[in-house]
Amino acid sequence: MEKYIIKGGRELSGEIKVKGAKNHALKVLAASILLKGEAEISNMPKINDIEQMQLILKDLGADIQQKQNSRLNISTDRINKIAIDKKLGSSLRASIILTGPMLARLREVILPHPGGCVIGKRPIDIFIDGFRSFGVEIKEKPNSYHFKAKKLQGCDYIFYKISVTGTETFMMAATLAKGKTVLKNAAQEPEILALANYLNNCGAKIRGAGTSTVIIEGVKELKAKNTVIIPDRIETGTFVVMGLLTNSMIKISNCNPSHLENFLLMIKRAGGKLEIGENFIKTMPNSEFTATDIITHEYPGFSTDLQAPFTLLMTQAKGASLIHEPIFEGRLFFTDKLNQMGANIIMCDPHRVIVNGPTKLFGKNVDSPDLRAGITLLLAGLIAKGKTTIGNVNHIERGYENITERLKKLGAEIYAK
Ligand code: EPZ
């Protein structure tokens with residue numbers, strides 16, 4: 001298993017281009033099941049989760065051709081299987097989003113129990129509950145779920161809890177269902193609006209995506225069109241913290257700052273100095289950080305996927321910061337690894353920590369527990385005194401393309417071995 005070796009203390013400089021958003025690209029790939037004909041998708045990130053999703057689609061019968069410059073062609077006209085590959089499906093939590101398009105197109109799907117990060121138990125009760133409203137019959141087997149429907153029936157569905165992939169899955173299912181579907185208390189992430197715009201361009205009738213009420217009129221057929229994956233707002237925020245932590249002036253380009261306004265506001269309230277343009281963000285050196293409390297919240301609130309980098313930033317801030325993470329119960333355990341590196345973080349309960357700063361960090365051997373905690377430990381290595389070795393880097397490579405090479409270009413002393 002590969003490790004990253006990092007020597008801390010280097011200032012960075014230069015420009016880093018943000019890649020296409022993992023959490024948009026995964027859904028656009030899944031949506032291809034709804035579409036007739038071939039689509040070209042550009043700005044695809046080259047990361048493990050995307051590779052996994054493509055392997056699952058190929059196994060179902062999709063044709064996918066990689067092209068130059070992060071583009072690919074995909075056609076699902078020859079899909080001929082209803083069972084998602086056990087091994088591939090259970091190793092990718094996001095495979096669950098395939099259920100919506102598969103039911104809409106083939107009226108049946110067998111889903112292995114979805115896997116994914118250890119950030120929480122990741123239940124799928126919302127999917128079971130929602131599909132029942134669409135008239136889907138559900139049988140739970142020891143290692144899989146069997147969903148079946150004569151014809152998906154549009155329905156009114158209220159989420160008892162906001163779910164991003166739940167919203168996306170039902171929105172996709174509803175595009176080819178009979179009649180009208182109204183999703184209430186829906187998630188409002190930018191990736192959802194981007195997905196809806198793409199599907200409408202293919203002939204769907206979706207209104208209200210990006211708000212808490214999404215209305216979908218079922219149609220007979222959707223035709224594949226070309227599309228571009230939007231910039232990854234989580235990668236953008238991660239690099240903002242990296243530039244500020246290393247006291248560097250770096251330019252983060254090909255990004256959309258309007259997709260992370262709350263995060264950028266909290267960074268500024270914490271003392272971070274930024275120059276924000278239309279499609280770039282520059283971090284400035286000599287920021288003085290002060291302790292700042294955050295609570296993660298569904299979009300447009302403070303993204304849970306940016307909580308870990310912000311928690312690390314608060315170890316360099318003067319005072320005590322309360323980090324409250326109500327969305328996932330397993331997303332703060334990485335803080336014990338920061339404490340091993342010299343941080344002073346007290347866990348109040350699985351959803352709350354108090355970060356006391358500023359503290360000097362020292363290089364250590366640590367293993368990445370999940371995707372966002374993993375990249376945060378990498379950032380910690382960039383500012384820690386001495387050498388940091390990070391294990392389980394496959395977690396990091398699920399979501400950050402070619403990360404060691406891209407950071408080396410900024411002057412970081414990092415290599416994979
Ligand atoms: C999406 O996960 C993202 N993944 C996550 O990003 C992100 O952290 C999360 O939304 C929240 O923003 C993708 O888009 C592929 P949820 P998702 O359903 O949809 C509970 C990353 O790092 N819940 O919005 O799986 C759930 O346990 C990943 O890129 C149920 O209780 O998250 C959580 O507490 C990590 N029952 C809350 O809802 C369900 O059936 C929100 O989860 C489903 C979810």
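Just so it is clear, the structure is predicted and the values come from calculations on it, not from any experiment. Order of appearance sets the numbers: ligands from 1, and atoms from 1 within every ligand.
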Q: Return the option from L26, N23, I96, I126 holding the heavy atom at the smallest distance from atom 40 (O) of ligand 1.
A: I126
Q. Under 3.5 Å between some N or O of ligand 1 and some N or O of I327?
A. yes
(Q) Before we go on, tell me: are the rings of F159 and F170 under 6.0 Å apart, centre to centre? (A) yes
Q: Report the residues that fulfil salt bridge (charged side-chain N to carboxylate O under 4.0 Å, His left out) with E405, sequence neighbours left out, ordered by chain and then residue number.
A: K408
Q: Determine whether more than 12 heavy atoms belonging to other residues, nucleotides or ligands lie under 6.0 Å from atom CD of E278.
A: no
Q) Do Y4 and I403 touch side chain to side chain, with heavy atoms closer than 4.5 Å? A) yes
Q) Okay, side chain of T167, backbone of A186: is any donor-acceptor separation there less than 3.5 Å? A) no
Q: Give yes or no for whether the N/O distance cutoff of 3.5 Å, strictly under, is met between K27 and ligand 1.
A: yes
(Q) List ligand 1 atoms under 4.0 Å from Y160, heavy atoms only on the residue side. (A) 31 (O)
**Q.** Atoms in ligand 1 with a heavy atom of D125 nearer than 4.0 Å
**A.** 30 (C), 31 (O), 36 (N), 39 (C), 40 (O)
Q. F159: heavy atom below 4.0 Å from ligand 1, yes or no?
A. no
Q) Side chain or backbone of K22 under 4.0 Å from ligand 1, or both, or neither, by non-hydrogen atoms? A) side chain
**Q.** Option from R233, K27, K22 for which salt bridge (Lys or Arg N to Asp or Glu O under 4.0 Å) with E191 holds
**A.** R233
Q: Using salt bridge (charged side-chain N to carboxylate O under 4.0 Å, His left out) as the criterion, list what pairs up with E235, not counting sequence neighbours.
A: R406
**Q.** Within 6.0 Å of NZ in K67, more than 12 heavy atoms from elsewhere
**A.** yes
Q) With a 4.0 Å heavy-atom cut-off (strictly under), which part of E298 contacts ligand 1: side chain, backbone, both or neither? A) neither
(Q) Which option wins on minimum heavy-atom distance to atom 1 (C) of ligand 1: I124, I234, D305, V164? (A) V164
Q: Pick, from T165, T304, I162, the option with the minimum heavy-atom distance to atom 41 (C) of ligand 1.
A: I162
Q) Within less than 4.0 angstrom of ligand 1, does R331 place any heavy atom? A) yes
Q. Mind checking whether G166 has a heavy atom under 4.0 Å from ligand 1?
A. no
